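To start, the structure under review is shown below, and the notes come after it.
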Number of protein chains: 2
Amino acid sequence: MTIREVSEKYGVSADTLRYYEKMGMIPPVTRNASGIRDYTAEDLRWVELAKCMRASGLSVEAMVQYVQLFQQGDETIPERLSLLLSQRAELLEKREKIDAALLWLERKIERYEAAAETGVLKWTDE
Amino acid sequence: MTIREVSEKYGVSADTLRYYEKMGMIPPVTRNASGIRDYTAEDLRWVELAKCMRASGLSVEAMVQYVQLFQQGDETIPERLSLLLSQRAELLEKREKIDAALLWLERKIERYEAAAETGVLKWTDE
DNA sequence: ATAAAACTTGGAGTAAACTCCAAGTCAATA
DNA sequence: TATTGACTTGGAGTTTACTCCAAGTTTTAT
């Protein structure tokens, strides 16, 4: 699969795909005889993973660490596990912050929906 | 309340507080006779809000828009409501992406916990 | 009164994550 | 075979959100 096809399939620009590879966020992609990227099914799984992790807000750096450990083989299993645990903790924290903001938004939306009918807000702040 | 006190109270640097104000993410802060910031309770509520929204990942830009509408008065209530609704939608989407990544992480963590006992992974990819 | 600490501004610098560009190579078609 | 379009690399440029700095007030403490 060419870089263009992968780009279209996953909605990630070719530049970004090359960037992820250069940074080590995914292992080196398979190339054909003339050095052009030819993504295998395994390469695609890494792309998918990278996309999912970035979409969630995990840093490129965190993913790079994981891939580096992965490439060092089975001795790094405990380290990889602890990395995964801390990434999970990070995402759970992110979610809590989103929930706090959502709570605030919900409260405001309720008041604004009431105000949209009368045309005036019944409270003074924010 | 001085900028230093606010900074300590909320764990936001004085530079960041000035930045938020300069960008219009919070309305102009109350000043004393010599032009030095003296945060009132209302100013603090804006700071708190700004902190909460930024922590959730909402852009400075989105918050600036809200404050601008707020400062224009009651005619902007419908616009403010629709802005709040789209911000909520954005946060809900963010949370779904986090949940997707968490699902993946949980799956891996399970397998790694099993592997940590044997010292070897039972699957070949990622 | 005077030094030190905290404040002011405008503007420059930084980090992360892309995004774009130039100059060249490779592949497919008329 | 020639030219068009996709690919390659290294490196420069961009955006967002700070973060730091310099040069100058203001406040506080001795």
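Just so we're on the same page: letters track the sequence lines, and every chain starts at 1. Predicted, not measured: the structure shown is a model, and the values here were computed from it.
When distances are taken from the side chain of B:Ser59 to each of D:dC7, C:dC18, D:dA17, the shortest belongs to D:dA17. The side chain of A:Asn32 sits closest to C:dA27 out of C:dA27, D:dT19, D:dT8. Across D:dG11, D:dT8, C:dC18, the shortest atom-to-atom separation from the side chain of A:Arg37 is found for D:dT8. Listed nucleotides: C:dC7, D:dT9, C:dA27. Nearest to the side chain of B:Ile36: C:dC7. Here D:dT19 is the nucleotide among D:dT19, C:dC18, C:dT9 with the atom lying nearest to any side-chain atom of B:Tyr19.
Phosphate contact (OP1/OP2 of C:dC26, side-chain N/O of A:Arg31, threshold under 4.0 Å): absent. Residue A:Thr2 has no polar side-chain atom (N or O) positioned under 4.0 Å from OP1 or OP2 of D:dA6. Between D:dA17 and B:Tyr20, no contact under 4.0 Å exists linking OP1 or OP2 to a side-chain N or O.
Using a 4.0 Å cut-off between a side-chain N of Lys or Arg and a carboxylate O of Asp or Glu, B:Glu90 and B:Lys94 do not qualify as a salt bridge. Looking at B:Lys97 and B:Glu93, a side-chain N of the basic residue comes within less than 4.0 Å of a carboxylate O on the acidic one, giving a salt bridge.
Between A:Asp38 atom CG and C:dA27 atom C1' the separation is 14 Å, expressed in whole Å. With rounding to whole Å, B:Lys22 atom NZ is found 15 Å from D:dA17 atom P. Atom-to-atom, CD of A:Glu21 to P of D:dC7 comes out at 14 Å; the value is rounded to the nearest Å. Rounded to whole Å, the distance from CD1 on A:Ile3 to P on C:dA27 is 15 Å.
In this structure, B:Glu113 places its CD atom where more than 12 heavy-atom neighbours from other residues, nucleotides or ligands lie under 6.0 Å away.
Along DNA chain D, the nucleotide nearest A:Asp15 and the nucleotide nearest B:Ser34 are compared for position; the residue whose nucleotide lies closer to the 5' end is A:Asp15. Each of B:Gly35 and A:Gly57 was assigned the nucleotide of DNA chain C with the nearest heavy atom; the assignment lying further toward the 5' end belongs to B:Gly35. Heavy-atom nearest nucleotides on DNA chain C were determined for B:Arg18 and for A:Leu58, and the one closer to the 5' end corresponds to B:Arg18.
Taking every heavy atom of both residues into account, A:Val64 and A:Met23 meet most closely at CG2-O, 3.3 Å.
Using a 4.0 Å heavy-atom distance criterion, A:Arg54 is classed as a sugar-phosphate-only contact.
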Open item on the list: Would B:Tyr66 and B:Met53 count as a side-chain contact (heavy atoms from CB on, under 4.5 Å) here? Give the steps.
Closed with: CA-CA 12 Å; B:Tyr66 180 78; B:Met53 293 299 119; over 6 Å; no
